[in-house]
Amino acid sequence: MTALNWEGCLNVRDLGGLATEDGRRTRHGAVVRADNIRKLTDAGWRSLAEHGVRRIVDLRLPQELATDEPRDVDIDVVHVSVLGEALDEEYIAELDAQLASVDDVADHYVYSYVDWLERYREQFGRAFAAVADADADGTVLVHCMGGKDRTGIVAALLLRLAGVPHATIGEDYAVTAVNLEPSTSRWIPAIEDEVERAKWARLAATPAAAMERVVLEIETRYGDVAAYLRAAGLHDAQIDRLRNRLAPA
């Protein structure tokens, strides 16, 4: 994993260079994960282009897209809202109640992330297909708002498909809290509502064990990540392209 310093974003990294279970390393320049790239400055967009990005897979909700400043981007952009067209208020309340019921925030992430992967399986399938169908010679960038939850899930399953061990996937996920701290340390203390402030303070954490457990749970339910992707609508050729994108030669 290589941290990328793209002006305007905090949480950008290339998923290349991670050790696989057979002792090799994932490919550089294949997949980049990021927070909201619509915050990039002009210099940041130049860095993105110079890194070889040919396709952007944007996982945000339509309401999140609506806040974007107008910008012409000469790169293929695929929008796939993996959490549906809008979050249901009752579902949000259910997630908040679950978070309040657990002592370890990792337990909440396992509950919520696995539920997302099941509840929105078709949408996640479309996101993975967008990565699979991209130009094999170019870099694919996947992002949401913070590059933590939706992007974190997609990155984790891509890495597992490429043969990266669970512990390493967890370590990659854990980097996000550190990267976003300059932002979270400002906006979370500014929340006036005490309950909301406490909730977001907990959700700023990204414990490695959380994502390790999510991947293990998907493998337990489906057998492996490839089987989950098939259930999400991908065909074998797409799954092979996903695996080969990050897998070492």
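Numbering starts at 1 and runs along the sequence shown.
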Closest heavy-atom contact between Asp133 and Arg55? C-NH1, 3.9 Å
Distance in Å, Asp68 CG paired with Asn36 CG, rounded so as to fall on 0.5 Å steps: 6.0 Å
Does Val142 form a side-chain contact (heavy atoms from CB on, under 4.5 Å) with Val131? I'd like the steps, not just the answer. CA-CA 8 Å; Val142 181; Val131 178; 4.1 Å; yes
So, Asp35 and Asn11: side-chain donor and acceptor under 3.5 Å apart, yes or no? no
So do the side chains of Asp172 and Val164 get within less than 4.5 Å of each other, counting heavy atoms only? no
For Arg60 and Arg150, the nearest pair of non-hydrogen atoms, with its separation, is CA-NH1, 3.5 Å
Side-chain heavy-atom pair Leu95, Trp116 within 4.5 angstrom cut-off: yes
Please report the C-alpha distance between Asp96 and Lys199 in whole Å, then the side-chain angles of each, then the deciding distance to 0.1 Å, and finally whether the salt bridge (charged side-chain N to carboxylate O under 4.0 Å, His left out) criterion is met. CA-CA 8 Å; Asp96 286 348; Lys199 179 185 82 172; 3.4 Å; yes
Could Asp137 and Arg54 be called an ion pair, given the rule that one side-chain N must be under 4.0 Å from one carboxylate O? no
Minimum heavy-atom distance Ile188-Ala204, with the two atoms named: CD1-CB, 3.9 Å
Through direct or indirect side-chain contacts below 4.5 angstrom among Ile, Leu, Val, Met, Phe, Trp and Tyr, which residues connect to Leu180? Leu10
Begin with the C-alpha distance, continue with both residues' side-chain angles, and end with the deciding distance and a verdict on salt bridge (charged side-chain N to carboxylate O under 4.0 Å, His left out) for Arg186 and Glu181. CA-CA 8 Å; Arg186 292 196 308 272; Glu181 194 275 337; over 6 Å; no
Under a 3.5 Å cutoff, is there a donor and acceptor pairing between the side chains of Arg13 and Thr176? yes
Do Met145 and Ile153 sit in the same hydrophobic cluster, where Ile, Leu, Val, Met, Phe, Trp and Tyr count as joined when their side-chain heavy atoms come under 4.5 Å apart? no
Among the clusters formed by ILVMFWY side chains lying less than 4.5 Å apart, do Val102 and Val195 turn up in the same one? no
So does Arg221 pair up with Glu118, basic N to acidic O under 4.0 Å? yes
Could you grab the distance from atom CG of Leu159 to atom OH of Tyr173, nearest 0.5 Å is fine? 14.0 Å
Nearest heavy-atom contact between Ala30 and Leu246 is CB-CD2, 4.1 Å
Among side-chain atoms of Asp115 and Tyr91, is any donor-acceptor pair under 3.5 angstrom? yes
Given side-chain contact (heavy atoms from CB on, under 4.5 Å), test Leu203 with His108 step by step and report yes or no. CA-CA 9 Å; Leu203 291 174; His108 172 70; 3.8 Å; yes
Kindly work out whether a path of hydrophobic side-chain contacts (I/L/V/M/F/W/Y, heavy atoms less than 4.5 Å apart) joins Leu216 to Val105. no
Is it the case that the ring center of Trp45 lies less than 6.0 angstrom away from the ring center of Trp6? no
Any donor-acceptor pair under 3.5 Å from Tyr228 side chain to Leu117 backbone: yes
If Ile, Leu, Val, Met, Phe, Trp and Tyr residues are connected whenever their side-chain heavy atoms lie under 4.5 Å apart, and connections chain through other members, are Ile75 and Ile37 in the same group? yes
Flag side-chain contact, heavy atom, 4.5 Å: Arg71 against Asp42: yes
Basic-acidic side-chain contact under 4.0 Å: Asp58, Arg38: no
Worked verdict on Asp236 versus Arg230 for salt bridge (charged side-chain N to carboxylate O under 4.0 Å, His left out): CA-CA 7 Å; Asp236 285 346; Arg230 288 188 196 95; 2.7 Å; yes
Nearest 0.5 Å, please: how far is OG in Ser112 from CD in Gln98? 7.0 Å
Which atom pair, heavy atoms only, marks the closest approach of Arg243 to Ala226? NH2-CB, 3.9 Å
Under the 3.5 angstrom rule, does the side chain of Ser47 hit a backbone N or O of Ala43 as a donor-acceptor pair? yes
Do Thr151 and Leu59 touch side chain to side chain, with heavy atoms closer than 4.5 Å? yes
Would you check if Glu85 and Leu61 make a side-chain contact, meaning some heavy-atom pair closer than 4.5 Å? no
At what distance, to the nearest 0.5 angstrom, does CG of Leu234 lie from CZ of Arg241? 9.0 Å
Quick check: Tyr113 with Tyr109 (ring centres under 6.0 Å apart)? yes
Closer than 4.0 angstrom, basic N to acidic O: yes or no for Asp224 and Arg160? no
Once rounded to the nearest 0.5 Å, what's the spacing between atom CG of Leu242 and atom CD1 of Ile239? 7.5 Å
Is any NZ, NE, NH1 or NH2 atom of the basic residue among Arg213 and Glu217 found under 4.0 Å from an Asp or Glu carboxylate oxygen of the other? no
Partner set under salt bridge (Lys or Arg N to Asp or Glu O under 4.0 Å) for Lys39, not counting sequence neighbours: none
Can Leu158 and Phe128 be said to form a side-chain contact (heavy atoms from CB on, under 4.5 Å), step by step? CA-CA 8 Å; Leu158 287 173; Phe128 284 107; 3.9 Å; yes
Between Asn244 and Asp240 (side chain of the first, backbone of the second, donor and acceptor by atom type, cut-off under 3.5 Å), is there such a pair? yes
Donor-acceptor pair, distance only, cut-off 3.5 Å: does the side chain of Arg27 make one with the backbone of Ala247? yes
Show your working on side-chain contact (heavy atoms from CB on, under 4.5 Å) between His51 and Asp14 and close with a plain yes or no. CA-CA 10 Å; His51 198 75; Asp14 190 306; 2.8 Å; yes
Ignoring hydrogens and angles, tell me if any N or O in the side chain of Thr139 forms a donor-acceptor pair with the backbone of Gly29 under 3.5 Å. yes
To the nearest 0.5 Å, what is the distance between NE2 (His79) and CD1 (Ile56)? 8.5 Å
Quick one: do Val77 and Leu141 end up in the same hydrophobic cluster if we chain Ile, Leu, Val, Met, Phe, Trp and Tyr together by side-chain heavy atoms under 4.5 Å apart? yes
Counting C-beta onward and ignoring hydrogens, is there a side-chain heavy-atom pair between Glu7 and Arg46 closer than 4.5 Å? no
